[in-house]
Amino acid sequence: MSNAKLWGGRFQATNEEWVDSFGASISFDQALVLEDIKGSLAHVKMLGATGILPEADVSLITEGLQTLMEQAKNDQLVYTVANEDIHLNIEKLLHDLIGPVAGKLHTGRSRNDQVATDMHLYLLKQVPLATELITKLQTVLIDLAEQHIHTVMPGYTHLQRAQPISFAHHLMAYFWMLERDKGRFEDSIKRIDLLPLGAGALAGTTFPIDRHLSAELLGFSKPYANSLDAVSDRDFSVEYLSNAALVMMHLSRFCEELILWSSDEFKFIELSDTFATGSSIMPQKKNPDMAELIRGKTGRVYGDLVGLLTVLKGLPLAYNKDMQEDKEGVFDTAHTLEGALTIMAGMIETMTVNVAHLEATTKQDFSNATELADYLAAKQLPFRQAHEIVGQLVLFCIQNNIYLADLSLETLQAAHPLFEADIFTVLQPETAVARRNSYGGTGFEQVKAQIHEAKALLA
Ligand code: ARG
């Protein structure tokens, strides 16, 4: 075999250098080398089992592929842009190793079903990795939550202090988001678990191949039922990107909170030095860079998702070269997601929670105002009236520079005779939290039950 293109038969002029490099995907699809060789090993085995290739050829090709697999694992393969993509590079390397019989490997197959197969195999590896990392992060959240069931902090709406909550409750909110994220990834497996191989270029093949055998050899449940669909859809990659985008959205919101919480304005937590960096000019600075980067990298994952959707939106069936653009975003997202989940777990595991400061904060605000209104409503004053009365008390406090707990019983009773001395216990943030004992609420007992349920899910 000369240096000519593997598909060069019908061509007279050679490509310009720019055309070669613009068209090549080897710079990035080499990430699929193990999947590509794995797919070829199964394909050639099937070609032997169906009698399409003689066993002698099958053995030669198999041994050659196994050698390449070893070399690939040791990073010893050298690829060329002239050979365009991972599939042609491997075929060329196989030819260099075993001679022209290498050319029989591509019998009954096309790069179209081959590349789709590689991406399915790739994601069948990436999805379990994502769920494993999510579980690790969930474990870290549960561990920290268990230490802070009774740590009271301000709960917010509109980033204004709303009602006191348990710090563990706040942490566990992210546990449940991640639980759904994990569920989405797990559910997606049944749509990745379909084998495109054997679809050929688009229409199937004249060879008596056995696609069910190929599926079995590669660990897929079944082959795609329609060859056009098999080679031309990338919905499984879009779904992966979408699931990753949701994880990143959740992490990004949490990171935004960590950034706020570690500021001098909040002082709720301190990030470990390992996950923070200094400033080159301001000696006092300790910046939450890792949290900011996770928040920032959420943008690139969204970009990967929208990028692929956009690539696909106008494509006629079946394969189009546009689809070569499906890979870099998926690789980029896989890499970003792995980093973000790992960093996030480390950051939370090592941060310090300023318990005393958190609790002091809840005593210097009006986040117990609902307690007063609920108190009156529980004594059958219509809630709307109770709300109005407490609103006036809040205004009175603001004008006199005091908090609700500083009001005297006389003042309270003047506002409404239903107030009695037990109101002062009710006003304590700890009491406010403890009494929100409705299912899923922040009451300490509910939080304990929630953590118990969460642990059972991970067990
Ligand atoms: N490198 C190509 C891709 O990633 C492989 C499939 C090429 N098929 C073709 N008909 N040119 O999409």
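Atoms within a ligand are numbered from 1 in the order they appear, just like the ligands themselves.
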*asked:* Closer than 4.0 Å to some heavy atom of Gln324 - which atoms of ligand 1 meet that?
replied: 1 (N), 2 (C), 3 (C), 4 (O), 12 (O)

*So is Lys321 polar-close to ligand 1, meaning N/O to N/O under 3.5 Å?*
no

*asked:* Counting C-beta onward and ignoring hydrogens, is there a side-chain heavy-atom pair between Pro208 and Ile52 closer than 4.5 Å?
replied: yes

_Please list the nearest protein heavy atom to atom 11 (N) of ligand 1 with its residue and the distance rounded to 0.1 Å._
Arg111 NH2, 3.6 Å

*Please check if the distance between the ring centroids of His120 and Tyr224 is under 6.0 Å.*
yes

_Here's a test for you: under side chain to side chain contact (heavy atoms under 4.5 Å, CB included), which of Glu179, Gln138, Arg253 qualifies with Tyr174?_
Arg253

*Which part of His87 is near ligand 1, with near meaning a heavy atom under 4.0 Å away: side chain, backbone, both or neither?*
side chain

*Which ligand 1 atoms, with their elements, are less than 4.0 angstrom from a heavy-atom of Ser25?*
1 (N)

_Heavy-atom nearest option to atom 5 (C) of ligand 1, drawn from Asp85, Leu88, Leu32_ = Asp85

*May I ask you to identify the nearest protein heavy atom to atom 8 (N) of ligand 1, giving residue, atom name and distance to one decimal place in Å?*
Asn112 OD1, 2.9 Å

*Student check: side-chain heavy atoms of Val152 and Phe444 closer than 4.5 Å*: yes

*Is any side-chain N of the basic residue among Glu359 and Lys363 closer than 4.0 Å to the acidic one's carboxylate O?*
no

_Interfacing atoms of ligand 1 (cut-off 4.0 Å, heavy-atom, Lys327)_ = 3 (C), 4 (O), 12 (O)

*Please confirm whether Tyr319 comes within less than 3.5 Å of ligand 1 when only nitrogen or oxygen atoms on both sides are compared.*
yes

*Kindly state whether the ring of Phe331 and the ring of Tyr122 have centres lying under 6.0 angstrom apart.*
yes

*asked:* Heavy-atom pairs closer than 4.0 Å: do any link ligand 1 to the side chain of Gln114, the backbone, both, or neither?
replied: neither

_Salt-bridge criterion met for Arg300 and Asp332 (N-O under 4.0 Å)_ = yes

